Undergrad: 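Sharing a structure, written as structure tokens. Questions coming.
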Amino acid sequence: MTPPWEDPRRPGPRSLFPLDMEAEAPSDVVDLLLRLGQACNDAGLALLDAQAQLAHTVEPVWRSSGDLDRGDMLAWVTWERYAACRDHVERLTVVYSRAAAMYAVCAVESASRVAGGLAPRVPQPLPVLASDVLGLAQIQVPLLQVPEDAVAGRWRGHVPKENAGLVEDHEVLLAAMAAVKSPVAVFDEPDKVVERQTAYLLEAEFPSALHSYASGCVFAMALMCVPGD
């Protein structure tokens, strides 16, 4: 579940696979989830920083809007700075989306296998694109729930809270996906954003919510992989 201090709709770092829980999971699965989680954290932090830079350009744009037509160099630089920051945000939104899509699908599939009494394994085939998740959400990122009998006795008291958190994160994800108005293929390749001719930014809430749900599923898998008493 997403910690209360984290907003699942905002980009940024999320918790990684909890090595301190001493979960017994295949090393290749843990390594993959750690690398994908770190990739998402790096992309989310980069997007957060880019959004802050873009926010700093908005007020100067409005202030210089009347000077651009007069060939004023300061106004030109102001507008070009805004355009560059906007394009940077959009490219990083796509980078974040691609990383979060693969992370979420791998996390859900691995955790679902453990919930069903099977050993986790590296999902095949890879990679998964963001458009795959947007087009087939109920197949790619279904709701995960932790069975009580899949958890060691000393951890079973955490199961209701964990399941409630997974439901909440999944609902946030579905809402974020429903709010996407951009063509889904745009979220697959950073170079495609240059083809966009719209007045709104790509929906960063989608990869942010996807990242949060993936993080919750990874923790749930670790919880189910802790050996019994």
Side-chain angles (χ1 to χ4, degrees), residues 2-16 35-104 129-135 137 168-169 171-215:
T2 302
W5 59 86
E6 290 181 4
D7 185 347
R9 299 170 185 83
R10 285 176 55 81
R14 309 287 193 262
S15 300
L16 299 174
R35 291 182 66 82
L36 291 175
Q38 189 60 57
C40 287
N41 282 351
D42 290 351
L45 283 170
L47 177 55
L48 193 63
D49 182 61
Q51 288 177 334
Q53 293 182 43
L54 178 61
H56 288 307
T57 70
V58 174
E59 192 276 332
V61 163
W62 288 110
R63 188 178 63 233
S64 64
S65 58
D67 299 328
L68 189 61
D69 293 338
R70 298 198 296 269
D72 181 80
M73 178 54 67
L74 177 58
W76 181 81
V77 168
T78 298
W79 278 86
E80 288 300 318
R81 176 188 170 210
Y82 167 78
C85 288
R86 179 198 61 210
D87 292 347
H88 187 46
V89 165
E90 295 229 303
R91 287 183 65 88
L92 286 173
T93 300
V94 174
V95 170
Y96 193 24
S97 298
R98 186 159 178 173
M102 190 177 296
Y103 186 32
L129 298 176
S131 60
D132 297 328
V133 174
L134 285 166
E168 182 179 347
D169 286 348
E171 288 176 348
V172 170
L173 173 58
L174 293 180
M177 290 192 292
V180 170
K181 303 303 180 186
S182 305
V184 297
V186 178
F187 288 91
D188 291 342
E189 292 292 342
D191 290 341
K192 290 183 180 179
V193 298
V194 299
E195 303 169 5
R196 282 168 43 81
Q197 300 292 328
T198 58
Y200 62 88
L201 292 171
L202 279 175
E203 297 86 350
E205 295 82 3
F206 161 57
S208 302
L210 197 57
H211 186 189
S212 291
Y213 185 55
S215 179

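What you are looking at is a predicted structure, and each value in this text was computed from that prediction instead of being measured. The figures that follow rest on heavy atoms only: side chains count, while hydrogens, waters and symmetry mates do not. Numbering starts at 1 and runs along the sequence shown.
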Undergrad: Taking all non-hydrogen atoms of both residues into account, name the closest pair between Ser182 and Glu203 and its distance.
TA: OG-OE1, 2.9 Å

Undergrad: Please report the interatomic distance OH(Tyr82) to CD(Glu59), rounded to the nearest 0.5 Å.
TA: 13.5 Å

Undergrad: Looking only at heavy atoms, which two atoms of Cys85 and Thr57 are closest? And how far apart?
TA: SG-CG2, 3.8 Å

Undergrad: Looking at side-chain heavy atoms only, is the closest gap between Ser97 and Leu210 below 4.5 Å?
TA: no

Undergrad: Restricting to non-hydrogen atoms, name the atom on Asn41 and the atom on Gly12 that form the minimum distance, rounded to 0.1 Å.
TA: OD1-O, 4.1 Å

Undergrad: Could you walk me through whether Val61 and Arg81 pass side-chain contact (heavy atoms from CB on, under 4.5 Å), step by step?
TA: CA-CA 9 Å; Val61 163; Arg81 176 188 170 210; over 6 Å; no

Undergrad: Would you tell me whether Asp169 and Ser212 have side-chain atoms, one donor and one acceptor, within less than 3.5 Å of each other?
TA: no

Undergrad: Measure the CZ-CD distance between Arg91 and Glu189 for me, rounded to the nearest 0.5 Å.
TA: 9.5 Å

Undergrad: Can you tell me how far the CG atom of Leu47 sits from the CZ atom of Arg10, to the nearest 0.5 Å?
TA: 9.5 Å

Undergrad: CZ/Phe187 to CD/Glu90 distance, rounded to the nearest 0.5 angstrom?
TA: 9.0 Å

Undergrad: Looking at Gln51 and Val89, would you say the former's side chain and the latter's main chain have a donor-acceptor pair under 3.5 Å?
TA: no

Undergrad: State whether the side chain of Asp132 and the backbone N or O of Leu129 hold a donor-acceptor pair below 3.5 Å, judged by distance alone.
TA: yes

Undergrad: So Val133 and Met177, do their side chains get closer than 4.5 Å, heavy atoms only?
TA: yes

Undergrad: At what distance, to the nearest 0.5 angstrom, does OG of Ser208 lie from CG of Leu173?
TA: 11.0 Å

Undergrad: Considering only heavy atoms from C-beta outward, does the side chain of Val172 approach that of Glu205 to under 4.5 Å?
TA: no

Undergrad: As an exercise, state the distance from CG of Leu36 to CG of Leu16, rounded to the nearest 0.5 Å.
TA: 10.5 Å

Undergrad: State, to 0.1 Å, how close Asp188 and Ser131 come at their nearest heavy-atom pair, and which atoms those are.
TA: OD2-OG, 2.6 Å

Undergrad: Apply the side chain to side chain contact (heavy atoms under 4.5 Å, CB included) test between Val180 and each candidate in Val186, Leu134, Leu202; give the one that qualifies.
TA: Leu134

Undergrad: Going through the checks in order, is the side-chain contact (heavy atoms from CB on, under 4.5 Å) test met by Cys40 and Arg14?
TA: CA-CA 8 Å; Cys40 287; Arg14 309 287 193 262; over 6 Å; no

Undergrad: Which pair of non-hydrogen atoms, one from Ala204 and one from Thr93, has the smallest distance, and what is that distance?
TA: CA-CG2, 4.0 Å

Undergrad: Answer yes or no: is there a donor N or O on one side and an acceptor on the other, between the side chain of Ser215 and the main chain of Ser15, under 3.5 Å?
TA: yes

Undergrad: Closest approach of His56 and Pro60, non-hydrogen atoms and distance?
TA: O-CD, 3.3 Å

